[in-house]
Number of protein chains: 2
Amino acid sequence: MNIKPEYCKVHDALSILVGKWKPIILLYLMSEGTMRYGELKKTLVGITPKMLTNQLRELEEEGLIHREVYREVPPKVEYSITEYGMTLKPILDSMHEWSMKHKKRKLKNTMD
Amino acid sequence: MNIKPEYCKVHDALSILVGKWKPIILLYLMSEGTMRYGELKKTLVGITPKMLTNQLRELEEEGLIHREVYREVPPKVEYSITEYGMTLKPILDSMHEWSMKHKKRKLKNTMD
DNA sequence: TCCAATAGTATCCTTTTACATACTATATAT
DNA sequence: ATATATAGTATGTAAAAGGATACTATTGGA
């Protein structure tokens, strides 16, 4: 265990999951296999196109998802989870399990 | 699995771990048991007093750590992990394990 | 009487995230 | 010729997170 946050191993895993929509995008792709841009946009209620593109690009840069472009008109782009992305599943699972067991939702969130 | 990030269970666990120094503070308290403010300050190289207090207060609000004030002069305050805080250990462990296995540190980070 | 030690506050500033809204390119079908 | 569908860009703003630096209260001991 080291001193600076960047040297903390936990920080490495955490940092690639941080982003308002990243975990949920990963979860969807993990369970759906493949989704088109528009499909994701419809699913992630409230996300702006800019934000969606941004989150997808960052996940892609990390090698967690794959972006497949079909050269058609109108355009078609499919996103899918990579094998590497799949390695995050145990982490997401442990968080999901923890939340189910322990998290009493806070008042400020009940209204959303 | 739901649509808005706040409804995603993973988000609950994630959100309480997010904060530049939170995971590392939790890890230290988990392994050391109890630490004084100044001890944490010395350990977390580069943290400002404001930031340290802020992170500690947020962890305390979540019930993850306990703050024990000794009414002495000079002041003495001890921080310790709570039982509830300890429930996060499996998550931190899974992240640590993942990082050890998979994370090839990126170039931009090697210089820090 | 003044200093040291501890656990913070107070203020101001910079950087990073996220949100809102409007706009674009292009082949096909009408 | 024009509208359509899709996957984005562009631009500007607001909110949250984090950083730098200086300051405070207390009191037992020199």
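Since we're looking at a predicted model, the values are computed, not measured.
Counting heavy atoms from C-beta on, the side chains of A:Y37 and A:P49 come closer than 4.5 Å. The side-chain heavy atoms of B:I47 and B:K20, taken from C-beta on, include no pair separated by under 4.5 Å.
Using a 4.0 Å heavy-atom distance criterion, B:K76 is classed as a sugar-phosphate-only contact. Heavy atoms of B:R67 sit under 4.0 angstrom from primed sugar atoms or phosphate atoms, though from no base atom. Residue contacts shown for A:Y79 are limited to sugar-phosphate atoms, with no base heavy atom under 4.0 Å away.
Phosphate contact (OP1/OP2 of D:dG19, side-chain N/O of B:K20, threshold under 4.0 Å): present. Side-chain nitrogen and oxygen atoms of A:R36 include at least one within less than 4.0 Å of the OP1 or OP2 phosphate oxygen of D:dA7.
Rounding to whole angstrom units, CG of residue A:N54 and C1' of D:dA7 are separated by 15 Å. Rounded to whole Å, the distance from CE on A:M51 to P on D:dA10 is 18 Å. Atom CG of B:L44 and atom P of D:dG18 are 14 Å apart (whole Å). Atoms CG (A:L14) and C1' (D:dA17) sit 15 Å apart, rounded to a whole Å. Between the CD1 atom of A:I47 and the P atom of D:dA7 there is a distance of 14 Å, given to the nearest Å. Atom NZ of B:K41 is separated from atom C1' of D:dT21 by 12 Å (rounded to the nearest Å).
Residue pairs satisfying the salt bridge (charged side-chain N to carboxylate O under 4.0 Å, His left out) criterion with at least one member in residues 44-53 of chain A, sequence neighbours excluded, are absent.
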Please step through side-chain contact (heavy atoms from CB on, under 4.5 Å) for the pair A:E78 and A:K76, ending with a clear verdict.
CA-CA 7 Å; A:E78 281 185 347; A:K76 174 177 172 186; 3.6 Å; yes
Begin with the C-alpha distance, continue with both residues' side-chain angles, and end with the deciding distance and a verdict on side-chain contact (heavy atoms from CB on, under 4.5 Å) for B:I65 and B:L26.
CA-CA 8 Å; B:I65 66 173; B:L26 290 171; 4.0 Å; yes
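For DNA chain C, the outermost nucleotides in 5' to 3' order that have an atom under 4.0 Å from a heavy atom of chain A are C:dA18 to C:dA27.
A:E60 places no side-chain N or O within 3.5 Å of a backbone atom of A:H66 that could act as its donor or acceptor partner. Proximity of a side-chain donor or acceptor of A:E97 to a complementary backbone N or O of A:S94 within less than 3.5 Å is not detected. For A:S99 (side chain) and B:D12 (main-chain N/O), no donor-acceptor pair under 3.5 Å exists by modelled atom type.
Both A:I91 and A:M86 are members of a single hydrophobic cluster when ILVMFWY side chains are connected at heavy-atom separations under 4.5 Å.
Nearer the 5' end of DNA chain D, as judged by each residue's closest nucleotide, is the contact made by A:R57, out of A:K50 and A:R57. Mapping A:P74 and A:E58 onto DNA chain C via the closest heavy atom, the residue that lands nearer the 5' end is A:E58.
For B:P49, whose side chain is taken as the heavy atoms from C-beta onward, the closest listed nucleotide among D:dA7, D:dA22, D:dA10 is D:dA22. Between D:dA7, D:dG12, D:dG19, one nucleotide has an atom nearer to the side chain of B:T48 than all others, and that is D:dG19.
The overall bend of the helix from C:dT1-D:dA30 to C:dT30-D:dA1, read as the angle between its terminal helix axes built from five base pairs each, is 30° when rounded to 10 degrees.
Of the candidates A:I81, A:V77, A:T43, A:M35 forms a side chain to side chain contact (heavy atoms under 4.5 Å, CB included) with just one, namely A:T43.
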